[in-house]
**Q** 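Dropping the structure in here first, questions after.
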Amino acid sequence: MAKKGFSFIGLLLTVAMSGFMLAGCGSTPSANDSKEIKIGGNFELTGGVANFGKMTTNGIQLAFKEANASGGVLGKQIKLILADNKSEPSEATNAITKLITQDKVPLVMGPVASSNVLATLQVSQDNKIPVITATGTNSKITVDNGKVRPYAFRSCFIDPFQGTVMANFASKSLKAKTAVIYIDNSSDYSKGLAESFEAQFVKNGGVVVGKEAFLQKDQDFKSTLTKIKVMNADTIFIPAYYEEVGKIAKQARELGITIPLIGTDGWDDPKVVEVAGAEAMNNTFFSNHYSSQDTDPRIVKFVEAYKKEYGQEPNALAALGYDAGLMVIDAIKRANSTEPDKIRDALEKTKDLQVVTGVITLDANHDPVKSGVVIEMKDGKQTFKEKINP
Ligand code: PHE
């Protein structure tokens, strides 16, 4: 009996394996020989920062829709194949693996959050499939221990720029002499920003009087905030994402902390105001990639098109998603191919590409050098405070 059972399993295995091998031989190197160009999208569609994934993919879809309506890319329709990384690094690794092995995409866009992007780069490298993040600002995404990652690209500025912008804003505009840094210890983005903010703030003559940390999904920040309150600093720098930022701002104001709270692009979601309340968000400022109130004609045109498509104001993620979509289209056109390596080579040569959030020319590290803005929250609304050139 036992022997028979084994051979039956053996037979099943043989059948399964030959089926696998056949599928392997029969499939062409890319899935893009049909009338479509399939591009992978590894995004935070559920979980902690699901709003980020939603806004970024909205932007990409709009860029693809416009390209398809005006004849497509290399005469084909370009299509985003989405995989949900549930806002978790391990799921981001699974999502890119699926997009590459099952959907056979020649390029993967996303994720949004730096820690999730970082979790996909080994798979990208092993399979020689380029990854482009529209939004991941941590410097390690493109450069690993001083070496440029050949398959990693981005279409946004990097955190050393953003951290510097906010340190200068604290010193010059807020005239802050002392600051507390309050970071999300589960995020590479937050940790990187703390370093670049501190370096510049100290260079400006400022003193960091305290460093505190929390973890994503924390709910109660009051004991740490009580500690921070007695430090009597001029400002608190909180480089984090909207869910936690909303809760921190609310609880800080409840404890009577009235000083300016400052942060970075991860604050850019209406949820911050929903959670904190408009009043608590007064006297807060954050760096961002663009402002929808900017009167630059490219921005005005994009904001109109986006509102028409989705019935809401595009935040920076939507604009960055749109721009990354344009960057992918541009690279495929110049490559005149959907071969991953040819797209990679073309991406590397991205130059003078006019997009909504600026002009993209990639430097030797695969990073664009772009301007940023500082946003002030006033009665629940984002107001454009200043534009900062690199
Ligand atoms: N820069 C953030 C990160 O690297 C993602 C982000 C970009 C969030 C733009 C909001 C707006 O994790």
Side-chain angles (χ1 to χ4, degrees), residues 48 115 159-160 162-269 271-288 374-380 382-383 385:
S115 295
D159 286 334
Q162 193 173 198
T164 306
V165 163
M166 288 318 286
N168 289 339
F169 180 78
S171 305
K172 292 177 191 147
S173 301
L174 299 178
K175 311 250 178 290
K177 301 262 176 294
T178 56
V180 170
I181 299 178
Y182 192 18
I183 67 161
D184 171 354
N185 233 343
S186 39
S187 147
D188 293 296
Y189 158 78
S190 200
K191 289 188 255 184
L193 277 163
E195 280 172 29
S196 37
F197 175 88
E198 181 173 13
Q200 185 65 27
F201 191 64
V202 169
K203 207 165 140 196
N204 294 344
V207 182
V208 174
V209 292
K211 288 184 199 178
E212 297 295 332
F214 60 90
L215 292 172
Q216 249 153 62
K217 302 195 182 105
D218 278 358
Q219 301 293 329
D220 190 352
F221 302 87
K222 282 200 168 159
S223 57
T224 309
L225 286 168
T226 305
K227 218 168 125 191
I228 291 176
K229 191 180 178 189
V230 297
M231 293 173 185
N232 248 324
D234 296 328
T235 184
I236 310 174
F237 179 57
I238 313 162
Y241 298 139
Y242 60 92
E243 280 282 350
E244 287 79 20
V245 170
K247 289 177 187 135
I248 291 170
K250 181 174 198 281
Q251 294 174 28
R253 299 311 191 208
E254 281 168 5
L255 288 171
I257 299 176
T258 54
I259 53 171
L261 309 177
I262 62 176
T264 43
D265 57 358
W267 286 34
D268 187 17
D269 192 86
K271 194 80 193 274
V272 169
V273 178
E274 256 171 60
V275 173
E279 173 120 21
M281 290 307 291
N282 282 339
N283 203 20
T284 73
F285 309 85
F286 65 98
S287 50
N288 212 349
V374 177
I375 304 277
E376 175 175 8
M377 295 304 298
K378 265 192 193 154
D379 301 324
Q382 291 193 5
T383 61
K385 180 100 181 138

**Q** What are the two closest heavy atoms between V209 and A233, and how far apart are they?
**A**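 Nearest heavy atoms, V209 then A233: CG2-CB, 3.8 Å.
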
**Q** Does the ring center of F214 lie less than 6.0 Å from the ring center of F221?
**A**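 Yes, ring centres under 6.0 Å apart.
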
**Q** Taking the ring of Y241 and the ring of Y189, is the distance between their centroids below 6.0 Å?
**A**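 Yes - the distance between ring centres of Y189 and Y241 falls below the 6.0 Å cut-off.
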
**Q** Once salt bridge (charged side-chain N to carboxylate O under 4.0 Å, His left out) is applied, what residue pairs with a partner in residues 216-232 remain, sequence neighbours excluded?
**A**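 Residue pairs with at least one partner in residues 216-232: E88-K217, E212-K227, K222-E254.
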
**Q** Between D379 and N282, what is the shortest heavy-atom contact and its length?
**A**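 Looking at all heavy atoms of both residues, the shortest contact is N-OD1, 2.7 Å.
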
**Q** Please check if atom NZ in K250 has more than 12 non-hydrogen atoms from other residues, nucleotides or ligands closer than 6.0 Å.
**A**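 Atom NZ in K250 is not crowded, with 12 or fewer foreign heavy atoms closer than 6.0 Å.
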
**Q** Apply side chain to side chain contact (heavy atoms under 4.5 Å, CB included) to the pair F285 and I375, showing each step before the final yes or no.
**A** CA-CA 6 Å; F285 309 85; I375 304 277; over 6 Å; no

**Q** What are the two closest non-hydrogen atoms of W267 and Y242, and how far apart are they?
**A**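 That closest heavy-atom pairing would be O-CB, 4.5 Å.
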
**Q** Tell me, with the steps shown, if V207 and V202 meet side chain to side chain contact (heavy atoms under 4.5 Å, CB included).
**A** CA-CA 6 Å; V207 182; V202 169; over 6 Å; no

**Q** Could you go through I238 and I262, starting from their C-alpha distance and side-chain angles, then the distance that decides it, and tell me whether this counts as side chain to side chain contact (heavy atoms under 4.5 Å, CB included)?
**A** CA-CA 6 Å; I238 313 162; I262 62 176; over 6 Å; no

**Q** State the CG-CD1 distance between L174 and I259, to the nearest 0.5 angstrom.
**A**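 The CG atom of L174 sits 10.0 Å away from the CD1 atom of I259.
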
**Q** Taking the side chain as everything from C-beta on, heavy atoms only, tell me whether T284 gets closer than 4.5 Å to E376.
**A**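 Answer no - side chains too far apart.
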
**Q** Distance-only, no hydrogens or angles: does the D234 side chain make a donor-acceptor pair with backbone N or O of T178 under 3.5 Å?
**A**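 It does hold such a pair.
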
**Q** Supply the atom-to-atom distance Q219 CD to E244 CD, rounded to the nearest 0.5 angstrom.
**A**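 Answer for the CD-CD pair, Q219 versus E244, is 8.0 Å.
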
**Q** Would you say T164 and Q200 are linked by a side-chain donor-acceptor pair, where the criterion is simply a distance under 3.5 Å?
**A**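 Note: Q200 and T164 side chains miss the donor-acceptor criterion.
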
**Q** At their closest point, which heavy atom of S196 faces which heavy atom of D159, and how far apart are they?
**A**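 Reported closest heavy-atom pair: OG-O, 3.4 Å.
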
**Q** Show, in sequence, the C-alpha distance, side-chain angles and deciding distance for F237 and Y182, and conclude whether the ring-ring contact (aromatic ring centres under 6.0 Å, His included) test is met.
**A** CA-CA 6 Å; F237 179 57; Y182 192 18; over 10 Å; no

**Q** Are any of the side-chain heavy atoms of F286 and V374 separated by less than 4.5 Å?
**A**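 With C-beta onward as the side chain, the pair stays apart.
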
**Q** So that I can tick it off, tell me whether K247 and E243 are bridged by a salt bridge, with the cut-off set at under 4.0 angstrom between side-chain N and carboxylate O.
**A**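 Salt bridge between E243 and K247, a charged N being under 4.0 Å from a carboxylate O: yes.
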
**Q** Assess the side chains of N288 and D268: does a donor N or O sit below 3.5 Å from an acceptor N or O?
**A**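 Distance-only check passes for N288 and D268.
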
**Q** Between E279 and R253, does at least one N-O distance fall below 4.0 Å, as a salt bridge requires?
**A**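 No, E279 and R253 are not salt-bridged.
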
**Q** Quick one, K191 and N185 - any side-chain contact, counting heavy atoms below 4.5 Å?
**A**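 Contact flag for K191/N185 side chains = yes.
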
**Q** Do you know which two heavy atoms are closest between I257 and I236, and how far apart they sit?
**A**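 Nearest heavy atoms, I257 then I236: CG2-CD1, 4.1 Å.
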
**Q** Go through the steps for T226 and L255 under the test side chain to side chain contact (heavy atoms under 4.5 Å, CB included), then give the verdict.
**A** CA-CA 7 Å; T226 305; L255 288 171; 3.8 Å; yes

**Q** How many angstroms lie between atom CG of L215 and atom OG of S190, to the nearest 0.5 angstrom?
**A**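 The CG atom of L215 sits 10.5 Å away from the OG atom of S190.
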
**Q** Measure the shortest side-chain to side-chain distance between L261 and T235 over non-hydrogen atoms and say whether it is less than 4.5 angstrom.
**A**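 In short, these two side chains do not touch, never coming nearer than 4.5 Å.
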
**Q** Would you say the side-chain atoms of N204 and S171 include a donor-acceptor pair closer than 3.5 Å?
**A**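 A pair is found: one side chain offers a donor N or O, the other an acceptor, under 3.5 Å apart.
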
**Q** With a 4.5 Å heavy-atom cut-off, do F169 and M166 have their side chains touching?
**A**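 A side-chain contact under 4.5 Å exists here.
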
**Q** Between A194 and P239, which heavy-atom pair has the shortest distance, and what is it?
**A**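 Minimum heavy-atom separation between A194 and P239: N-CG, 4.5 Å.
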
**Q** Do the side-chain N and O atoms of D188 and S115 include a donor-acceptor pair separated by under 3.5 angstrom?
**A**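 Result is yes, a qualifying pair exists.
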
**Q** Taking Q162 for its side chain and D265 for its backbone only, find out whether a donor-acceptor pair lies under 3.5 Å.
**A**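 Present.
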
**Q** Does any non-hydrogen side-chain atom of T383 lie less than 4.5 Å from one of M377?
**A**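 Not in contact.
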
